[in-house]
Amino acid sequence: IIEILTIKSYTMKRLLFALPLVLMSFTVPTWKIKTETATVTFKIKNAGSWVSGSLGGLTGTIHFSPDDVANSSITGSVDVNTINTENSGRDKHLKNADFFDAPTYPHMTIKSKSIKKSGSDYVMEASLTIKSTTKTISLPFTFTPADATKGLFKAEFEIDRVEYGVGENGVIMGNTVKISLFVPVYQ
C-alpha cells in the first residue's frame, strides 16, 4: 500500500507540474499595438464634400488567436484631443461640448463582446463608447499574420455620429461617419 501511495503521489506531482504547461499552450496570445504606425482615420460629408481626419493615441489590449476566436478579446481607446482634420479651427470646434466635449470625454473606447469567424475574415460584436453613449456595433475585420510574432488588423465600419451625441442632425454635415482602422501588432 505504501508503494502504491508513493507512486500515486509521484504521478500527482508530475501532473501538477505539467498542468500549467498544458494550460499555457492553450492561452490566446497577447498582441501589442505598434502605436507609431497604427492609424484611426475617418471621413464624413460636410457641405457636400468629403472631409477626412484622424485620431491618435491608439492604445488597447488585444488577446487574439485565429484558431480560438471564442476566447479572444479586443479593447481599444483613442484620444479625442488628437483629432486632426488638417484645419486647426475645425479641430478646436470638434473638441467643444457640442461635438466631442474632449475636456469631459477625452477618450473613445471599444470593447469586444464576442468575436466570430466569417469566411476568411472576422466579425466583432463590440460596445463602442463615445462621450456618455455606449452602443453595440458589429465590426468586420481582417487579421493578417506577417509571421509568428507580427500581424496586421484592418477594419472599416460606419457609425451615425448623432446617435452618440456628436453634433446635431443637420443639412450641412452628414450623419454617417466612415471609420478605418490600420493596426500593426507584435508579440
Side-chain angles (χ1 to χ4, degrees), residues 30-64 72-115 121-144 150-186:
T30 299
W31 298 90
K32 296 176 184 155
I33 297 170
K34 194 171 180 184
T35 55
E36 62 276 6
T37 55
T39 60
V40 177
T41 57
F42 63 88
K43 64 182 183 177
I44 185 170
K45 282 255 183 159
N46 190 27
S49 298
W50 286 104
V51 173
S52 298
S54 65
L55 290 157
L58 177 64
T59 60
T61 304
I62 301 172
H63 301 288
F64 181 79
S72 296
S73 64
I74 299 173
T75 61
S77 176
V78 291
D79 184 350
V80 174
N81 288 295
T82 65
I83 196 162
N84 182 359
T85 63
E86 301 293 325
N87 180 319
S88 61
R90 177 173 43 224
D91 296 344
K92 184 177 178 182
H93 186 211
L94 289 171
K95 294 174 193 176
N96 288 335
D98 53 337
F99 283 94
F100 288 106
D101 195 6
T104 306
Y105 305 103
H107 295 95
M108 286 186 253
T109 60
I110 192 163
K111 181 178 181 182
S112 65
K113 293 180 172 187
S114 68
I115 299 173
D121 298 334
Y122 307 91
V123 176
M124 177 171 78
E125 294 297 315
S127 296
L128 175 63
T129 302
I130 301 175
K131 295 174 76 171
S132 62
T133 302
T134 301
K135 294 195 168 286
T136 298
I137 64 166
S138 183
L139 192 154
F141 70 94
T142 61
F143 175 72
T144 307
K150 295 179 195 157
L152 175 64
F153 288 91
K154 286 186 189 178
E156 291 186 350
F157 62 103
E158 297 179 354
I159 62 167
D160 182 330
R161 66 176 178 82
V162 177
E163 290 181 357
Y164 291 91
V166 178
E168 295 178 357
N169 200 1
V171 294
I172 295 177
M173 183 183 293
N175 292 350
T176 302
V177 182
K178 297 181 179 191
I179 301 168
S180 297
L181 307 173
F182 180 88
V183 186
V185 293
Y186 65 97

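Residues His93 and Phe99 meet the side-chain proximity criterion, which asks for heavy atoms closer than 4.5 Å. Side-chain contact between Met124 and Ile115 is present, with heavy atoms from C-beta onward closer than 4.5 Å. Between Trp31 and Phe143, some side-chain heavy-atom pair lies under the 4.5 Å cut-off. In this structure, Arg90 and Val51 have side chains that are in contact, with non-hydrogen atoms separated by less than 4.5 Å. Side-chain contact between Val185 and Phe64 is absent, with no heavy atoms from C-beta onward closer than 4.5 Å. A 4.5 Å side-chain heavy-atom check between Thr109 and Ser77 finds at least one atom pair inside the cut-off.
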From CA spacing to verdict: side-chain contact (heavy atoms from CB on, under 4.5 Å), Ile110, Leu139: CA-CA 10 Å; Ile110 192 163; Leu139 192 154; 3.6 Å; yes
Please determine whether side-chain contact (heavy atoms from CB on, under 4.5 Å) holds for the pair Thr129 and Tyr105, giving the CA-CA distance in whole Å, both sets of side-chain angles, and the decisive distance to 0.1 Å. CA-CA 10 Å; Thr129 302; Tyr105 305 103; over 6 Å; no
Please test Asn46 against Ile172 for side-chain contact (heavy atoms from CB on, under 4.5 Å), starting from the C-alpha separation and ending with a verdict. CA-CA 6 Å; Asn46 190 27; Ile172 295 177; 3.4 Å; yes
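Listed for the Asn96 side chain is no donor-acceptor partner under 3.5 Å among the backbone atoms of Asp98. Put simply, the side chain of Trp50 never gets that close to the backbone of Lys43: no donor and acceptor are under 3.5 Å apart.
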I'd like a table of donor-acceptor pairs (distance under 3.5 Å, sequence neighbours excluded) in which one partner is a side-chain atom from residues 151-161, with atom names and distances.
from   : atom 1 : to     : atom 2 : distance (Å)
Asp160 : OD1    : Val162 : N      : 2.9
Arg161 : NE     : Gly174 : O      : 2.7
Arg161 : NH1    : Val166 : O      : 2.7
Arg161 : NH1    : Glu168 : O      : 3.3
Arg161 : NH2    : Glu168 : O      : 3.0
Arg161 : NH2    : Met173 : O      : 3.4
Arg161 : NH2    : Asn175 : OD1    : 3.4

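No hydrogens or angles considered: nothing links the side chains of His63 and Ser72 as a donor-acceptor pair under 3.5 Å. In summary, the side chains of Thr104 and Asp101 do present a donor paired with an acceptor at a separation below 3.5 Å, with no hydrogens or angles considered. For Asp91 and Thr85, the side-chain atoms include at least one donor-acceptor pair closer than 3.5 Å.
Residues Glu163 and Thr133 approach most closely at O-CG2, 3.5 Å, considering heavy atoms.
More than 12 non-hydrogen atoms from other residues, nucleotides or ligands lie less than 6.0 angstrom from NZ of Lys95.
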